[in-house]
Amino acid sequence: MRTQVGIIGAGPAGLLLSHLLHLRGIESFVLESRTRAQIESTIRAGVLEQGTTDLLCEAGVGARMKAEGALHHGFELAYEGKRRRIDLTGLTGHSITVYAQHEVIKDLVAARVEAGGTLLFS
């Protein structure tokens, strides 16, 4: 049985879904209204939780994130002139990685292109 999946939007979720399907032998195509240059250059924040970083690594697209991302174990909140540290690792056992969303998109697009995936831009 042959299955093909159409995915609307080349954001991180759509691209990662396409790549995960590929790893399981399921064809897909990604349809995006913007150009590749636009999606790869639109600056967006990127705070990735541990589950997301683990999934990107398991999918084979986490090498650059691990090399260039900034690992954080907590953060500080300032309120009424006092600073309080929130120890994420101490509280949850996990950290976060700061790695911009457009960099995740670049990694996923590169993986899809390398695998011969169909990406339809514009």
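Below, all heavy atoms of this structure are taken into account, side chains as well, without hydrogens, waters or symmetry copies. Residue numbers run from 1 in the order of the sequence given. Keep in mind it's a predicted model, so treat the numbers as computed, not measured.
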Kindly give the heavy-atom pair with the smallest separation between [X] and [Y], and that separation in Å.
X	Y	value
Ser95	Leu71	OG-CD1, 3.0 Å
Ala111	His19	CB-CE1, 3.8 Å
Pro12	Val104	CB-CG1, 4.4 Å
Val30	Gly14	CG2-O, 4.4 Å
Thr97	Gly69	CG2-CA, 4.1 Å

Full working for side-chain contact (heavy atoms from CB on, under 4.5 Å) between Arg64 and Glu103: CA-CA 9 Å; Arg64 200 164 67 92; Glu103 298 299 333; 2.6 Å; yes
Check the hydrophobic clustering (I, L, V, M, F, W, Y; side-chain heavy atoms under 4.5 Å; chains of links allowed) and say if [X] and [Y] are grouped together.
X	Y	value
Met65	Leu17	yes
Ile7	Ile39	yes
Leu108	Val5	yes
Leu91	Val47	yes
Leu55	Leu21	yes

Candidate pair Gln38 and Phe121, rule side-chain contact (heavy atoms from CB on, under 4.5 Å), full reasoning: CA-CA 10 Å; Gln38 287 173 318; Phe121 295 103; over 6 Å; no
Is Leu31 isolated, or which residues cluster with it under the ILVMFWY side-chain rule of less than 4.5 Å, directly or via members?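 Members alongside Leu31: Ile8, Phe29, Leu120.
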Side-chain heavy atoms of Leu15 within contact of Leu119, under 4.5 Å: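 Yes, their side chains come closer than 4.5 Å.
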His72 side chain near Leu88 side chain, heavy-atom distance below 4.5 Å: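 Counting from C-beta outward, His72 and Leu88 never come under 4.5 Å.
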Looking at residues at least two apart in the chain, or sitting in another chain, which of them share a side-chain contact (heavy atoms from CB on, under 4.5 Å) with Thr52?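 For Thr52, the residues satisfying side-chain contact (heavy atoms from CB on, under 4.5 Å) (neighbours in sequence not counted) are Leu48, Leu56.
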When you look at Arg34 and Glu32, which way does the salt bridge (charged side-chain N to carboxylate O under 4.0 Å, His left out) test go after all the steps? CA-CA 6 Å; Arg34 298 178 300 152; Glu32 172 57 52; 3.4 Å; yes
Calculate, to the nearest 0.5 Å, the distance between atoms [atom1] and [atom2] belonging to [X] and [Y] respectively.
X	Y	atom1	atom2	result
Thr53	Gln50	OG1	CD	4.0 Å
His73	Arg85	NE2	CZ	9.0 Å
Ile96	Thr89	CD1	OG1	9.0 Å
Arg112	Asp107	CZ	CG	14.0 Å

Residues, nucleotides or ligands: over 12 heavy atoms within 6.0 Å of Glu76 CD: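 Counting other residues, nucleotides and ligands, CD of Glu76 exceeds 12 neighbours.
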What's the verdict on side-chain contact (heavy atoms from CB on, under 4.5 Å) for Val113 and Arg36, showing C-alpha distance, side-chain angles and the deciding distance? CA-CA 12 Å; Val113 168; Arg36 179 177 176 177; 4.0 Å; yes
